[in-house]
Amino acid sequence: MDKKKPKKVFVQGAIPPEKIAGSIANHQSKTNIGAHSIFLGQIRADEIEGKTVAAIDYSAYEEMAEKVFHEIRETAFSKFDITCAHIYHSLGTVKTGELCLFVFTSSAHRKIAIEACNYFVEEIKAKVPIFGKEIFEDETHQWKVNK
Amino acid sequence: MDKKKPKKVFVQGAIPPEKIAGSIANHQSKTNIGAHSIFLGQIRADEIEGKTVAAIDYSAYEEMAEKVFHEIRETAFSKFDITCAHIYHSLGTVKTGELCLFVFTSSAHRKIAIEACNYFVEEIKAKVPIFGKEIFEDETHQWKVNK
Amino acid sequence: MKIRLRYFGMIAESAGKNDEVLELNDGISAKELKARQIERFELPDPESVQIAVNQNLEEEVELKDGDEVAFLPPFAGG
Amino acid sequence: MKIRLRYFGMIAESAGKNDEVLELNDGISAKELKARQIERFELPDPESVQIAVNQNLEEEVELKDGDEVAFLPPFAGG
């Protein structure tokens with residue numbers, strides 16, 4: 001059971017696509033799984049008042065964030081009959097087009113995997129103390145706020 | 001726009017995790033995307049009356065299946081503000097633990113990507129003429145039925 | 001008229017073949033042909049059989065020369 | 001009593017520092033400290049500021065020696 005192990009969520013910089021392939025491959029020995037649901041957050045080149053976002057610099061209240069991630073995991077495992085769940089979030093600079101969030105849930109049945117994945121994404125956005133500095137191409141910045 | 005191109009959905013045998021990493025990497029130049037939602041179907045080693053599933057052998061009414069996949073795509077693009085959508089389904093033998101379905105949707109916003117992904121999965125299960133022969137470890141078989 | 005019949009999955013298994021061409025009298029509907037083949041091959045679970053005429057799921061249609069009628073067991077994709 | 005204050009994101013930017021230790025009189029609540037620091041640093045959008053006492057989001061609590069109080073701007077994860 002990977003439920004109880006404390007998990008490292010934060011990764012420095014962007015999440016490479018190969019990490020996602022590796023996570024998927026690691027689950028091919030778990031033959032009680034019938035469905036995986038994956039959510040990926042990617043940095044958009046938003047245009048704000050004529051300036052274009054080039055990257056987001058993520059920071060976090062890391063000790064609290066790790067605690068909140070753990071609480072979200074515990075609640076998710078009690079609410080949903082999932083076999084496993086993995087979360088990775090970037091810290092530091094992530095450029096437009098790169099990935100900053102990777103949520104991966106698995107279950108015997110598709111609806112459970114999908115619902116649990118959505119639950120993680122919404123909970124992470126709402127409850128985890130992560131902060132994002134949107135850096136424009138002209139090197140000015142503004143602070144991102146989740147809607 | 002990849003909307004109009006006819007897309008090849010069927011792949012022979014299991015879908016390798018590297019294909020998923022490749023699809024993700026292909027989207028890193030599309031900086032209007034903020035969210036990807038991915039669904040993966042994996043073959044479960046179900047036990048049925050004391051026998052264990054070892055593989056599923058997929059077949060399809062291919063010409064009709066490609067037409068229905070195309071109709072589902074067209075409807076999805078009219079219902080959801082997605083930037084792209086990709087579907088791959090296996091034909092032939094897929095062993096337990098391997099992947100038989102890969103649905104990949106992208107949008108500026110997470111809820112749209114997630115809803116569109118779910119829509120594809122449900123529509124594919126309900127409407128595409130794909131047939132699955134569950135092959136047990138003793139080489140007997142039974143025909144799979146979607147619930 | 002000539003009608004091409006195609007069988008899939010467990011229906012192909014019951015029929016012992018994947019396809020065949022039948023010479024039929026004009027005026028037969030897809031639904032009548034379905035009933036006939038279900039009886040001929042003693043298909044199990046006949047309520048679950050769907051037919052597609054030229055790739056469209058429909059039964060209430062009169063067949064015409066050159067049509068392709070597919071016999072489809074329950075779908076199992078995904 | 002000694003209280004450790006930590007500032008994050010745009011609050012750290014406004015405060016010009018990431019953390020500091022303040023010597024405070026007993027009896028002050030987290031909420032009072034929050035109001036004080038919002039005024040001191042003239043934090044923009046004060047309604048959006050949340051505080052965590054020892055990693056728990058709460059304001060209606062009396063502070064005690066050794067507590068860590070974090071000032072958190074709106075979350076932007078994901």
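The figures that follow rest on heavy atoms only: side chains count, while hydrogens, waters and symmetry mates do not. So you know, we letter chains A, B, ... as the sequences are listed, proteins then strands, and number each from 1.
Among the candidates A:A113, A:G97, A:A35, the residue making the largest number of heavy-atom pairs closer than 4.5 Å to chain B is A:G97. For the set B:G34, B:C100, B:A25, the count of heavy-atom pairs under 4.5 angstrom toward chain A peaks at B:G34. In terms of heavy-atom pairs under 4.5 Å with chain B, the best-connected choice from A:V121, A:I20, A:I114 is A:I114. Most heavy-atom pairs under 4.5 Å with chain B, from the set A:K19, A:E98, A:E122: that is A:E122.
Once rounded to the nearest 0.5 Å, the distance linking CD1 of A:I33 with OG1 of B:T96 reads 12.0 Å. Interatomic distance, CD1 of B:I24 versus CG of A:L40, reported as 5.0 Å (0.5 Å rounding).
Neither the backbone nor the side chain of B:S29 comes within contact range of chain A; no heavy atoms are under 4.5 Å apart. Of the atoms belonging to B:K95, not a single heavy atom falls under 4.5 Å from chain A.
What you find for A:L99 and B:H36 is that their closest heavy atoms are CD2-CD2, 4.0 Å.
Residues of residues 45-54 of chain B lying under 4.5 angstrom from chain A, judged on non-hydrogen atoms, are B:A45 in numerical order. Heavy-atom proximity under 4.5 angstrom to chain A picks out B:A108, B:H109, B:R110, B:K111 from residues 103-111 of chain B.
For B:K127, the NZ atom is loosely surrounded, since the number of other residues' heavy atoms within 6.0 Å does not exceed 12.
B:Q28 contributes no side-chain N or O that, together with a main-chain N or O of A:P17, makes up a donor-acceptor pair within less than 3.5 Å.
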